[in-house]
Protein chains: 2
Amino acid sequence: MGDSAAFTERELDIMSVLWRLGSGTVSEVRAELADQPGYTTVLKMLQILEEKGLVRHEEEGRAYRYHPLVEPDEAGGHALRRIVDKIFHGSAELALARLVSERPLRAEEVERMKALLDEAALREGEAE
Amino acid sequence: MGDSAAFTERELDIMSVLWRLGSGTVSEVRAELADQPGYTTVLKMLQILEEKGLVRHEEEGRAYRYHPLVEPDEAGGHALRRIVDKIFHGSAELALARLVSERPLRAEEVERMKALLDEAALREGEAE
DNA sequence: ATCTGTCTACGATGTCCTTCGTAATTTTCG
DNA sequence: CGAAAATTACGAAGGACATCGTAGACAGAT
């Protein structure tokens with residue numbers, strides 16, 4: 001235990017870019033950040049993320065290419081569990097209520113989400 | 001803008017207690033924390049939360065009673081939006097997939113969640 | 001009156017976050 | 001070759017986070 005601290009703001013920014021791109025050099029990551037911090041700032045953050053075991057790097061020419069070592073699903077699971085537990089009293093239902101009120105959903109998306117719930121209900125049914 | 005920074009770990013712990021209890025004195029909040037930090041630590045955190053405008057206090061006998069000034073829905077909305085945007089590429093569907101795989105859901109809960117989605121779809125339909 | 005327990009106020013501390021400057025290295029280009 | 005550009009390494013610095021110790025105020029009991 002004790003391994004899973006929440007991402008800080010900047011760490012999340014950077015991990016988000018790596019998840020989206022698959023991998024990235026310092027320059028590539030920096031170019032994707034909305035407010036562009038100094039080059040060495042991004043480098044430093046990546047070095048710290050590497051110390052924490054959240055990314056690794058390999059050499060690519062002169063530069064390093066960084067790869068994420070945690071999956072978005074895993075990170076998202078931790079983050080969601082934390083929020084549901086601490087803010088929504090453990091209720092996935094309340095969290096979903098807020099989630100759907102946050103942003104408009106397309107009709108197809110709603111259908112797929114209902115299908116997800118059906119699958120979940122099915123798995124539960126089988127378990128008994 | 002710039003008002004909504006994510007809660008830190010301890011801040012969230014404490015806000016969570018206040019949301020659950022409705023309000024609390026330092027002692028009451030402290031008693032609810034899993035690992036009990038020193039009394040003055042909890043007091044200090046509440047004072048800092050007050051500086052940030054997240055709680056207020058009123059006198060109650062000799063002690064202060066602290067009240068949350070942000071609603072869990074509001075805080076949860078920010079937190080969910082942050083996670084969905086940065087980790088799930090803005091997809092509520094992916095977030096829900098992870099949410100339902102995190103913990104088992106009761107059948108009635110699944111039904112109510114589907115109803116929530118229907119309502120959301122309805123609102124969308126009306127909008128056009 | 002004084003002692004004891006509970007409370008707030010204040011300041012110190014150590015760690016982490018985030019920023020970046022500077023130096024050293026290497027490649028590339030004129 | 002020598003200058004310029006891109007890169008990593010290192011360390012410093014300011015601020016926030018989270019911890020607590022100590023001091024002072026006050027109420028209640030003896």
Please report the shortest heavy-atom distance between [X] and [Y], naming the atom on each side.
X	Y	answer
B/Leu49	B/Ile14	CD1-CG2, 3.8 Å
A/Asp73	B/Arg98	O-NE, 3.2 Å
B/His89	A/Arg20	CE1-CA, 4.0 Å

Counting any heavy atom closer than 4.0 Å, what does [X] reach on the DNA or RNA strands: base, sugar-phosphate only, or nothing?
X	answer
A/Ser27	sugar-phosphate
A/Thr8	sugar-phosphate
A/Tyr64	sugar-phosphate
A/Ile48	base

Given [N], is OP1 or OP2 found less than 4.0 Å from the side-chain N or O atoms of [X]?
X	N	answer
B/Lys52	D/dC17	yes
B/Thr40	D/dG21	no
B/Gln47	C/dT8	no

Quiz item: Any chance CD of B/Glu59 has more than 12 other-residue heavy atoms, nucleotides or ligands included, within less than 6.0 Å?
Solution: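 No, the 6.0 Å shell around CD holds no more than 12 heavy atoms from other groups.
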
In whole angstrom, what separates [X]'s [atom1] from [N]'s [atom2]?
X	N	atom1	atom2	answer
A/Leu46	C/dC17	CG	P	14 Å
A/Leu33	C/dT19	CG	C1'	14 Å
A/Asp13	C/dC17	CG	P	14 Å
A/Met45	C/dC17	CE	P	8 Å
B/Glu9	C/dC17	CD	C1'	15 Å
A/Ile14	C/dT18	CD1	P	9 Å
A/Tyr39	D/dA6	OH	P	10 Å
A/Arg10	C/dC16	CZ	P	20 Å

Please list each protein N or O that sits under 3.5 Å from an N or O in nucleotides 26-30 of chain D, with the distance.
none

Quiz item: Is the shortest heavy-atom distance from the side chain of B/Leu12 to the side chain of A/Arg82 under 4.5 Å?
Solution: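 Sidechains of A/Arg82 and B/Leu12: in contact.
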
Quiz item: Just wondering, do B/Tyr66 and B/Leu54 contact through their side chains at under 4.5 Å, heavy atoms?
Solution: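 Sidechains of B/Tyr66 and B/Leu54: no contact.
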
Self-check item: DNA chain C: 5'-proximal contact among A/Gly38 and B/Tyr66 (nearest heavy atom)
Solution: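 On the 5' side of the pair lies B/Tyr66.
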
Self-check item: DNA chain D: 5'-proximal contact among A/Leu43 and B/Val42 (nearest heavy atom)
Solution: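 Counting from the 5' end, the first nearest nucleotide belongs to A/Leu43.
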
Self-check item: Parallel, tilted or perpendicular, as decided by the 30° and 60° cut-offs, for the rings of B/Trp19 and B/Phe7
Solution: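 Answer is perpendicular, since the angle exceeds 60°.
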
